Amino acid sequence: MIGLLKVIHLLSAVLWIGGVFYAYGILRPSVGFLSGPDRVTLWDRVFTRFFRWIWVLIAALLISGYGLLFSRFDGFASPGYLHGMQLFGWLTIIAFVVLAFGPYRQLHMAVAAEDWSRAGEMIPGIRRLVHIIMWLGLVSIAIGGGGAYL
């Protein structure tokens with residue numbers, strides 16, 4: 001059971017933060033040639049699909065993470081690096097929730113209303129939050145993966 005929880009936890013983190021890296025580091029620079037309406041429509045479609053998966057991945061991370069914490073380690077009396085991983089993990093989740101219910105929701109509504117200027121105004125805020133999510137997630141992964149050895 002512990003092995004399964006660990007695999008679920010690792011794959012969930014890799015899929016989420018790997019997807020964020022792809023969106024920020026690969027897709028974002030590649031869509032610069034698109035016009036305003038086409039660009040924001042693309043981002044709306046990408047985020048709509050990706051965010052559905054992120055909600056599933058967050059649930060998998062929390063269930064597997066706390067399952068491991070209480071079955072493999074000593075719960076909240078576990079090693080300090082696991083608390084660091086939790087802290088950065090929760091900060092990543094909070095930043096995602098802010099993104100999903102803030103700028104992304106406004107982008108989605110603006111695209112549906114074909115308010116292209118309003119949709120375009122949401123992109124810089126989304127970009128900042130995605131950048132923050134990427135780094136918080138990477139730090140969490142680094143602490144969780146290397147914490148026992150550092």
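Everything numeric in this text was worked out from a predicted model, so none of it was measured. The residues of the chain are indexed from 1 along the displayed sequence.
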*Taking C-beta and beyond as the side chain, do Leu61 and Trp16 meet within less than 4.5 Å on heavy atoms?*
yes
*How many angstroms lie between atom NE2 of His131 and atom CG of Leu136, to the nearest 0.5 angstrom?*
10.0 Å
*Over 60° means perpendicular and under 30° means parallel, so classify the ring planes of Trp43 and Phe47, tilted if in between.*
parallel
_According to a hydrophobic-cluster definition based on side-chain heavy atoms being under 4.5 Å apart (Ile, Leu, Val, Met, Phe, Trp, Tyr only), do Ile63 and Val14 belong together?_
no
_Hydrophobic cluster membership, Leu138 vs Leu15, 4.5 Å side-chain cutoff_ = yes
_side-chain contact (heavy atoms from CB on, under 4.5 Å), that's the test. Do Arg127 and Tyr24 meet it? Break it down for me._
CA-CA 8 Å; Arg127 184 180 314 126; Tyr24 189 81; 3.6 Å; yes
*Should we say atom CH2 of Trp53 is surrounded by more than 12 heavy atoms from elsewhere, each under 6.0 Å from it?*
no
_Please find the pair of heavy atoms, one from Pro103 and one from Ile126, that lie closest to each other, and give the distance._
CB-CG1, 3.5 Å
Pairs of donor and acceptor atoms involving the side chains of residues 81-102, under 3.5 Å and at least two apart or interchain, shall be tabulated with distances.
residue: His83; atom: NE2; partner: Phe76; partner atom: O; Å: 3.0
residue: His83; atom: NE2; partner: Ser78; partner atom: O; Å: 3.4
residue: Gln86; atom: OE1; partner: Tyr66; partner atom: OH; Å: 2.8
residue: Trp90; atom: NE1; partner: Tyr66; partner atom: OH; Å: 2.8
residue: Thr92; atom: OG1; partner: Phe88; partner atom: O; Å: 2.6
residue: Thr92; atom: OG1; partner: Gly137; partner atom: N; Å: 3.4

*How many angstroms lie between CG in Leu68 and CG in Leu4, if you round to the nearest 0.5 Å?*
9.5 Å
*Kindly check if the number of other-residue, nucleotide or ligand heavy atoms within 6.0 Å of CH2 (Trp116) is above 12?*
yes
*Atom pair OG1 (Thr41) and CG (Leu107), whose distance is rounded to the nearest 0.5 Å*: 8.5 Å
*Looking only at non-hydrogen atoms, find the nearest pair between Arg72 and Ile2 and report the distance.*
CD-CG2, 3.8 Å
_Nearest 0.5 Å, please: how far is NE2 in His108 from OG1 in Thr48?_
5.0 Å
_What's the separation between atom CG in Leu69 and atom CG in Leu62, rounded to the nearest 0.5 Å?_
11.5 Å
*Determine yes or no for a side-chain-to-main-chain donor-acceptor pair under 3.5 angstrom, with Ser64 supplying the side chain and Ala60 the backbone.*
yes
*State the CD1-CD1 distance between Ile58 and Ile54, to the nearest 0.5 angstrom.*
6.5 Å
*Quick one: are Asp44 and Val40 in side-chain contact, heavy atoms under 4.5 Å?*
no
*Going only through I, L, V, M, F, W and Y residues with side-chain contacts under 4.5 Å, is there a path from Tyr104 to Tyr22?*
yes
*Linking I/L/V/M/F/W/Y whenever their side-chain heavy atoms sit closer than 4.5 Å, directly or via other members, would Val56 and Phe51 fall into one cluster?*
no
_For Ser71, side-chain hydrogen bond (donor to acceptor under 3.5 Å, both in side chains) partners two or more places apart_ = none
*Residues in side-chain hydrogen bond (donor to acceptor under 3.5 Å, both in side chains) contact with Ser117, at least two apart in sequence or another chain*: Asp115
_Leu129 reachable from Leu42 in the ILVMFWY side-chain graph, under 4.5 Å edges_ = yes
_Would you say that Leu27 contacts Val31 through its side chain, given a criterion of any heavy-atom pair below 4.5 Å between the two side chains?_
yes
